[in-house]
Amino acid sequence: MKLYLYTLFFILIPGLAFAEDGSQLWLRYRPLSNNQMKALSTVITSVVSDEQCDSLAIDELQIAWKQLTGKELTVTPSVQEHSLIIGTNKSKLIQSFGFNKELQSLGGDGFLIRSAKYKDKDCFLLASEGKTGVLYAVFNLLKTIQTVYPFPSSMNVKEKPSYKIRILNHWDNIDGTIERGYAGHSLWKWEDLPSKLSARYKDYARANASIGINGTVLDNVNASPEILSTAYLIKVKALADVFRPYGIRVYLSVNFSSPTALGGLPTSDPLNKDVRRWWFVKAKEIYSLIPDFGGFLVKANSEGLPGPQDFGRTHADGANMLADALKPYHGIVMWRAFVYNSGMDDRAGQAYKEFLPLDGKFRSNVILQVKNGPIDFQPREPISALFGAMKQTPIMPEFQITQEYLGESNHLVYLAPLFKECLDSDTYSLGKGSTVAKVTDGSLFKNSLTAIAGVANIGEDANWCGHHFAQANWYAFGRLAWNHELSSEQIADEWIKLTFNDKKEFVEPVKEMMLDSREAAVNYMMPLGLHHLFAWGHHYGPEPWCAVEGARPDWLPSYYHKADSIGIGFDRTLSGSASVGQYNSPLREEYNALDRCPERFLLWFHHVPWEYKMKNGRSLWAELCYTYDKGVKQVREYQKVWDRMEPYVDAQRFHEVQSRLKIQAKDAVWWKDACLLYFQTFSRRPIPYDIERPVNELDDLKKIKLNLKHHN
Ligand code: GCV
């Protein structure tokens with residue numbers, strides 16, 4: 001009987017039982033409280049737009065209004081008291097306000113939201129030079145309604161994006177798998193396209209538009225030549241058609257040897273006439289199908305992929321050939337600088353050595369895509385020295401939103417602090433204040449082509465990202481691409497309120513946990529500048545002892561930690577690999593000197609004796625132990641925080657997050673025990689007696705072999 005009533009309850013109120021699977025992301029439009037409604041209804045009562053073209057924006061507004069207030073937002077033909085006036089700069093009504101010049105200066109994506117008077121009537125103006133800007137303005141207004149209390153009686157918002165191109169990189173393969181994807185299979189159903197369109201394509205576009213993302217690279221940088229076949233281009237066109245109204249352009253990763261693999265040419269040499277013609281013809285075909293196609297992303301001569309060097313040519317030769325083919329259509333080439341060869345040379349310094357001599361040699365529609373750090377999306381890295389070095393080549397940062405090295409979709413790690421750490425780092429390229437943000441947003445070197453990329457964490461899981469809190473990383477990437485001056489705190493605050501609820505008792509502790517979480521992951525995985533201690537074959541768990549016969553040395557942890565009886569860490573100082581010399585002064589001197597090097601990068605730049613005295617007086621060995629222990633404690637604290645949040649969260653999301661925190665806590669102990677017990681075989685010192693004792697045997701940890709299918 002009890003079971004029957006229980007079942008009946010969920011059948012009758014399906015919304016309660018099943019609606020909170022996370023699929024609505026941050027676009028939930030929960031009903032406003034009476035006070036919020038009152039504040040809003042005194043300033044906005046109807047909407048007026050004299051343009052058909054903004055129907056998408058108006059639709060979004062009306063859907064949201066109904067859900068937020070329970071009332072229809074009526075569209076009126078003329079301005080009334082408290083009208084919300086929406087439109088582009090083409091509209092006569094908008095022009096009558098005299099903001100034409102200001103709107104032009106904000107571009108097609110920027111916008112104004114202003115309290116204004118129209119013939120003595122109080123109204124709100126929401127305007128942009130372009131249609132996409134109007135849509136962005138609507139999302140901005142809706143965000144304000146949901147996160148600012150009380151709703152302001154007057155507004156004066158002027159926004160222009162930090163970067164022109166704000167783009168997701170999907171590492172989606174055409175067989176439906178995703179490289180480093182942890183939220184299920186690819187969203188793109190290639191076998192159904194172009195005739196069958198999944199409803200999620202539109203949801204995806206809408207979610208991206210709501211945070212200002214305006215580009216997507218659909219396929220993996222480890223690209224299949226097949227993506228450029230006519231059959232696939234027709235499928236790509238179908239996606240581009242869905243995304244276009246939301247201001248999103250489609251780009252493709254291309255395989256450099258496509259002329260050979262797909263076109264049957266004997267070579268893919270970028271200086272060969274037939275090869276060049278092949279790319280020109282291919283570009284023409286693409287643009288005949290997708291007139292606003294964005295361009296190509298290229299991984300070349302990297303991790304075994306083909307590239308111009310196979311033919312004795314440079315990266316610039318390769319990039320320029322593609323750029324020439326795309327130029328007539330205003331397409332761009334995003335050329336990746338993620339290159340390193342197996343050998344004795346320090347991997348961290350290789351991209352710089354390869355690309356710096358090419359500075360100034362790229363076409364104007366080429367932009368160099370550079371990962372935030374010089375190795376590979378580690379929990380913490382110093383910035384790539386290329387950011388401060390390439391002065392005549394536009395550079396775009398590449399962040400990883402998917403948590404390849406940060407616990408996949410099992411660990412709660414809020415990445416805005418990592419993104420910000422890079423963007424706010426000073427390169428000293430043109431003196432103090434030359435932050436990565438300024439180097440890349442065009443303000444320092446006055447380049448007009450600006451972009452920022454994030455490797456997507458999106459898959460077909462109901463909640464899109466695997467972990468409910470991983471949605472915050474997609475959100476944070478979009479928000480920072482839009483405005484790199486936002487703080488991690490502000491973004492977390494918005495996201496929590498939009499995604500969960502606005503109760504202070506919930507928002508504050510959860511925000512604190514999020515803001516702390518990246519540092520916690522660094523602590524329990526790789527503190528003090530350690531990096532790449534990951535297991536062979538996957539990048540989830542620890543294997544600092546990993547030794548694989550015949551393996552590339554730079555794919556093994558010992559290459560990076562260099563632990564021995566004396567100490568631990570990679571000597572990149574001027575007397576070591578000398579990679580520190582690639583940074584501008586004063587960074588290079590600071591990192592080079594053991595006593596001046598920030599401790600967060602200590603073992604990145606120095607091989608440090610176990611007994612070295614840290615700033616707090618502890619030995620390096622003791623500090624390592626305490627820091628790993630701190631990381632574990634931080635996660636245990638998150639479990640407590642989250643359990644207390646039960647009254648404020650729907651059951652499904654509460655339990656799903658709770659269960660992942662349990663995994664994270666176990667993993668943190670695994671990391672701590674594995675690293676400390678293994679490094680102890682070199683340090684030969686006790687783990688300080690006041691911290692938790694290891695609960696694992698090193699030999700048992702060495703036997704762990706994860707099911708790669710699950711993890712990759
Ligand atoms: C797409 C790392 C990842 C690879 C990835 C590569 C890249 O090596 O482990 O999966 O390949 O970076 O960014 O190209």
Side-chain angles (χ1 to χ4, degrees), residues 167-183 186 216-225 227 251-256 296-307 309 315 318-319 333-342 347-348 350-351 354-355 368-379 381 384 386 395-409 415 418 422 452-459 477 525-526 531-541 543 546 548 551-557 559-560 706 708-712:
I167 193 166
L168 289 181
N169 288 184
H170 286 268
W171 286 357
D172 294 24
N173 300 310
I174 55 179
D175 67 0
T177 58
I178 305 181
E179 182 154 351
R180 313 303 175 187
Y182 313 107
S186 172
T216 179
V217 184
L218 297 176
D219 60 321
N220 191 354
V221 285
N222 292 328
S224 161
I227 195 75
Y251 298 71
L252 290 176
S253 292
V254 296
N255 185 299
F256 199 78
F296 295 149
L297 171 63
V298 193
K299 171 174 175 179
N301 291 122
S302 164
E303 299 190 327
L305 282 171
Q309 292 176 337
H315 282 283
V333 174
M334 295 168 289
W335 192 269
R336 293 176 94 223
F338 178 66
V339 296
Y340 61 101
N341 292 315
S342 182
R347 172 173 170 183
Q350 291 186 33
E354 201 151 318
F355 280 92
L368 209 61
Q369 183 164 313
V370 177
K371 290 188 181 183
N372 56 288
I375 298 281
D376 191 14
F377 300 134
Q378 296 302 291
E381 296 191 33
S384 161
L386 279 169
I395 294 202
M396 58 190 286
E398 176 179 324
F399 292 126
Q400 198 178 42
I401 310 171
T402 191
Q403 291 168 232
E404 175 182 355
Y405 295 102
L406 281 158
E408 303 186 351
S409 52
L415 294 175
L418 187 160
C422 170
I452 184 165
V455 180
N457 62 350
I458 301 162
F477 169 75
M525 285 183 170
M526 278 164 263
H531 49 293
H532 231 310
L533 304 182
F534 295 97
W536 181 260
H538 60 83
H539 293 152
Y540 185 78
E543 220 173 75
C546 176
V548 176
R552 275 178 69 152
D554 55 350
W555 283 356
L556 295 174
Y559 172 93
Y560 300 96
L706 292 183
L708 296 189
K709 261 197 200 126
H710 172 71
H711 282 278
N712 276 327

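All values derive from a computational prediction rather than experimental measurement. Side chains included, hydrogens not; waters and symmetry mates left out as well; all remaining heavy atoms used. Order of listing sets the numbers, starting from 1, for every ligand and every atom in it.
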**Request:** State, without any angle test, whether R552 and Y559 hold a side-chain donor-acceptor pair at a distance under 3.5 Å.
**Result:** no
**Item:** Side-chain donor/acceptor of H170 to backbone N/O of D172, under 3.5 Å
**Value:** no
**Message:** Among all the protein's non-hydrogen atoms, which is closest to atom 3 (C) of ligand 1, and how far away is it?
**Reply:** E404 OE2, 3.3 Å
**Request:** Could you tell me which atoms of ligand 1, counted from 1 in the order shown, lie closer than 4.0 angstrom to a heavy atom of H539?
**Result:** 9 (O)
**Prompt:** To the nearest 0.5 Å, what is the distance between NZ (K299) and CD (Q369)?
**Reply:** 11.5 Å
**Asked** Does the N or O separation between R336 and ligand 1 drop below 3.5 Å for any pair?
**Response** yes
**Complete:** heavy-atom search around atom 8 (O) of ligand 1 in the protein gives E303 OE2, 2.8 Å
**Message:** I need the nearest protein heavy-atom contact for atom 1 (C) of ligand 1: residue, atom name and distance, please.
**Reply:** N222 ND2, 3.3 Å
**Asked** Which residue holds the protein heavy atom closest to atom 14 (O) of ligand 1, what is that atom called, and what is the gap in Å?
**Response** K299 NZ, 2.6 Å
**Asked** Just going by heavy-atom distances, which of E179, Q369, K371 is nearest to atom 12 (O) of ligand 1?
**Response** K371
**Request:** Of the side chain and backbone of F377, name the one, both, or neither that has a heavy atom under 4.0 Å from an atom of ligand 1.
**Result:** neither
**Prompt:** What atoms of ligand 1 come within less than 4.0 Å of a heavy atom belonging to N220?
**Reply:** 1 (C)
**Request:** Compare all side-chain heavy atoms of M525 with those of Q378 and state whether any distance is below 4.5 angstrom.
**Result:** no
**Item:** Whether V455 lies under 4.0 Å from ligand 1, heavy atom
**Value:** no
**Asked** Measuring from I375:CD1 to Q350:CD, what's the distance to the nearest 0.5 Å?
**Response** 8.5 Å
**Prompt:** Rounded to the nearest 0.5 Å, what separation is found between the CG atom of D219 and the CD1 atom of I227?
**Reply:** 4.5 Å
**Request:** Answer with yes or no whether the side chains of Y182 and E404 bring together a donor and an acceptor at under 3.5 Å.
**Result:** no
**Message:** Would D376 count as a polar contact of ligand 1, with the cut-off being nitrogen or oxygen pairs under 3.5 Å?
**Reply:** yes
**Prompt:** Relative to the heavy atoms of R180, which atoms of ligand 1 are at a distance of less than 4.0 Å?
**Reply:** 3 (C), 4 (C), 9 (O), 10 (O)
**Any donor-acceptor N or O pair under 3.5 Å, side chains E354, N301** = no
**Complete:** Counting from 1 in the order shown, the ligand 1 atoms closer than 4.0 Å to a non-hydrogen atom of V221 are 1 (C), 14 (O)
**Prompt:** Does any N or O atom in W171 lie less than 3.5 angstrom from one in ligand 1, N or O only?
**Reply:** no
**Asked** Would you call the rings of Y405 and F534 parallel, tilted or perpendicular, where under 30° means parallel and over 60° means perpendicular?
**Response** tilted
